[in-house]
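Remarks on the structure that follows.
Counting starts at 1 for both ligands and their atoms, in listed order. Here, residue 1 is the first one in the sequence, and each next residue gets the next number.
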Amino acid sequence: MIESAAQKHEMRPDAKSGKKYDPLDPEVKQSPYPYYEKMRREQPIIWLENMKAFAVAGYDDVDAMLKDPATYTSTKFWPELLGEYDPVPEVPPMISMDPPNHTHLRKLTTKAFTPSKVAQLQNRAGEIANALVDDIIAKHGQEGQFDWAWEFTALFPVTVIAEFLGVPTERRAEFKVWVDDILSAANRLAYSPERLAHIANSRDSLRAFFEELYDLRAANPGPDLISAFIQAEVNGEKLTRSEVLQMSVLLLIGGVETTTNLLGNTLVELDRHPEVYARVRQDPSLIGPLLEEVLRYNPPVQMIFRHATKDTELGGVKIPKGSTMIPLLASANRDETRFPNGEVFDIDRRIESPLMSFGQGPHFCLGSYLTRMEAKVALEVVFRRFAELSPVSDHVHWIDSYFARGPHTLPVRFKVR
Ligand code: HEM
């Protein structure tokens, strides 16, 4: 059988030789998809001894779990992800709450993220993307090389969300570093004391920054989200200071690296599928379907966490009370029973099952409209302004995470139109 270009990039000898899925294995982190495929084929729910967790690979099992918060709680999600590196440990973020507590906060925030609210940010997102392209040209000239991951995709979403929250954009680079550090706490078991001290420092800086901003906005409310949270009431009660701080941190953490990685993964897939790249360049109306397929095929969030609240059974496997569960969203997205030819990147596919990329159930991503709008606007701008934008090498150095997926760096050749 002839391997497609994409399969060639994804297949590793170890996956073929029968090695089991292990999210902490550096090989697996670089190329998890063959391992997911093997799991779905042979054993869709496996026990991971080193993580003391069940990993779940099939669409229907993942879907059932996410839609049943009474059996699979979210309350330990944040502690599991960040441990002692949560900047606001005294209150849980919404993502780590179950209904009905979750429902109140969710109602409040949903209003800020409706499609019409997001559409209002569209022009500003375009200006931000154009300004970043101007900076790149000022620094590198009319043609040459720059790092797509650091000089564009890292700065773009952090600037958009910072404006939305009312954070001074001059501090966006610091912000980006703090958020990356805090998210890297997911790998804390593998880190040295020096690296952990650095993460703790970023946690404290982010907290101190939001404390200061809270005081400024409480004294002088503006049209930004933090002012809105300070003034908002849930069931007749105002949010506490800690709740506002935690919500701000959650939006920042949720809204930055994810969109950065969506834009990074998109350019990787365009490079791996030149025929698609040529079509999208010709016809920008294909940017929407392109993004949906990248979200399905190579999503920025590979997995999330849940915990069993009671003895139960999933897909024929007995799950003891208290078990840590890892729904593999990225695997569910390629499940053949829902996505025929799921291992093939195809922007023309008819998607008949909802993607798992944003989760399902009560915690379905709050930022799904925002990220789609941001990514679409960003790609429209860069395709319009750059006649050439292509990765220098077809080897991708992926970030060191089992949780998030995106290129760590992505040097590209560019030429201004
Ligand atoms: C491609 C980009 C994105 C991906 C792949 C993504 C993925 C996800 C996933 C999988 C969840 C579900 C978590 C769970 O069920 O436990 C989630 C929830 C969430 N996301 Fe996103 N996200 C993205 C962009 C954003 C953006 C731009 C924002 C905000 C500014 C955001 C804010 C949130 C929030 C606040 C939640 C928690 C919702 C709740 O608990 O009710 N996300 N996201």
Ser74-ligand 1 polar pair, N/O distance under 3.5 Å
no

Judged by modelled atom types alone, do Arg405 and Asn265 share a side-chain donor-acceptor pair under 3.5 Å?
no

Measuring from non-hydrogen atoms of Phe113 to any atom of ligand 1, is the shortest distance under 4.0 Å?
yes

Surrounding CD of Glu237 (heavy atoms of other residues, nucleotides or ligands, distance under 6.0 Å), is the total greater than 12?
no

Under a 4.0 Å heavy-atom limit, does Ile95 contact ligand 1 with its side chain, its backbone, both, or neither?
both

For Ile304, take its heavy atoms, then give the atoms of ligand 1 lying under 4.0 Å from any of them.
14 (C), 15 (O), 16 (O)

Numbering the atoms of ligand 1 from 1, which are under 4.0 Å from a heavy atom of Leu370?
30 (C)

Would you mind running through ligand 1 and noting each atom that sits below 4.0 Å from a heavy atom of Thr259?
27 (C)

Assess whether ring-ring contact (aromatic ring centres under 6.0 Å, His included) is satisfied between Phe209 and Phe175, documenting all intermediate values.
CA-CA 9 Å; Phe209 177 83; Phe175 245 72; 5.0 Å; yes

Restricting to heavy atoms, the pick from Ile253, Leu81, Leu366 nearest atom 36 (C) of ligand 1 would be Leu366

Who's the nearest protein heavy-atom neighbour of atom 11 (C) of ligand 1, and how far?
Phe358 O, 3.7 Å

Determine whether the side chain, the backbone, both or neither of Arg306 has a heavy atom under 4.0 Å from any heavy atom of ligand 1.
side chain

Show the atoms of ligand 1 that are less than 4.0 angstrom away from any heavy atom in Leu329.
10 (C)

Judged by modelled atom types alone, do Thr409 and Asp147 share a side-chain donor-acceptor pair under 3.5 Å?
no

Close-contact set for ligand 1 against Val301 heavy atoms, below 4.0 Å
5 (C), 7 (C)

Closest approach of any protein heavy atom to atom 24 (C) of ligand 1, naming residue and atom:
Thr258 OG1, 3.3 Å

Considering non-hydrogen atoms of the protein only, which is the closest contact for atom 29 (C) of ligand 1, and what is the distance?
Gly255 CA, 3.8 Å

Of Ser357, Pro362, Ser368, Cys365, the residue with the heavy atom nearest atom 10 (C) of ligand 1 is Ser357

Region of Ile161 that comes within reach of ligand 1 [heavy atoms, distance under 4.0 Å]
side chain

Apply the test ring-ring contact (aromatic ring centres under 6.0 Å, His included) to residues Tyr21 and Tyr36: give CA-CA distance (whole Å), side-chain angles for both, the deciding distance (0.1 Å), then the verdict.
CA-CA 7 Å; Tyr21 171 68; Tyr36 297 153; 5.5 Å; yes

Per-atom filter on ligand 1: closer than 4.0 angstrom to a heavy atom of Phe77 are 16 (O)

Got a sec: does the CZ of Phe113 have more than 12 other heavy atoms crowding it under 6.0 Å?
yes

Does the side chain of Trp47 reach to within under 4.5 Å of the side chain of Val317, using non-hydrogen atoms?
no

Set out, in order, the CA-CA distance, both residues' side-chain angles and the distance that settles side chain to side chain contact (heavy atoms under 4.5 Å, CB included) for Asn130 and Arg384, then state yes or no.
CA-CA 10 Å; Asn130 271 303; Arg384 197 167 56 238; 4.0 Å; yes

Counting non-hydrogen protein atoms only, what is the nearest one to atom 32 (C) of ligand 1? Give residue, atom name and distance.
Gly367 N, 3.9 Å

Gly359 heavy atoms within 4.0 Å reach ligand 1 at atoms 10 (C)

Do the side-chain N and O atoms of Gln302 and Tyr33 include a donor-acceptor pair separated by under 3.5 angstrom?
yes

Answer yes if the ring centres of Phe383 and Tyr277 are under 6.0 angstrom apart, and no otherwise.
yes

Minimum distance, heavy atoms only, to atom 39 (C) of ligand 1: which one of Met97, His363, Met373 is it?
His363

Heavy-atom nearest neighbour in the protein, as seen from atom 25 (C) of ligand 1, with distance rounded to 0.1 Å
Gly254 O, 3.2 Å

Do Asp25 and Tyr402 pair up side chain to side chain, a donor and an acceptor below 3.5 Å, judged on atom types alone?
no

Among Leu291, Leu250, Thr371, whose heavy atom sits nearest atom 35 (C) of ligand 1?
Leu250

Just jot down the ligand 1 atoms closer than 4.0 angstrom to any heavy atom of Arg106, in number order.
38 (C), 39 (C), 41 (O)

For Glu313, does the CD atom sit with more than 12 other heavy atoms under 6.0 Å from it, leaving out its own atoms?
yes

Check: Asp22/Asn50 side-chain N/O donor and acceptor closer than 3.5 Å:
yes

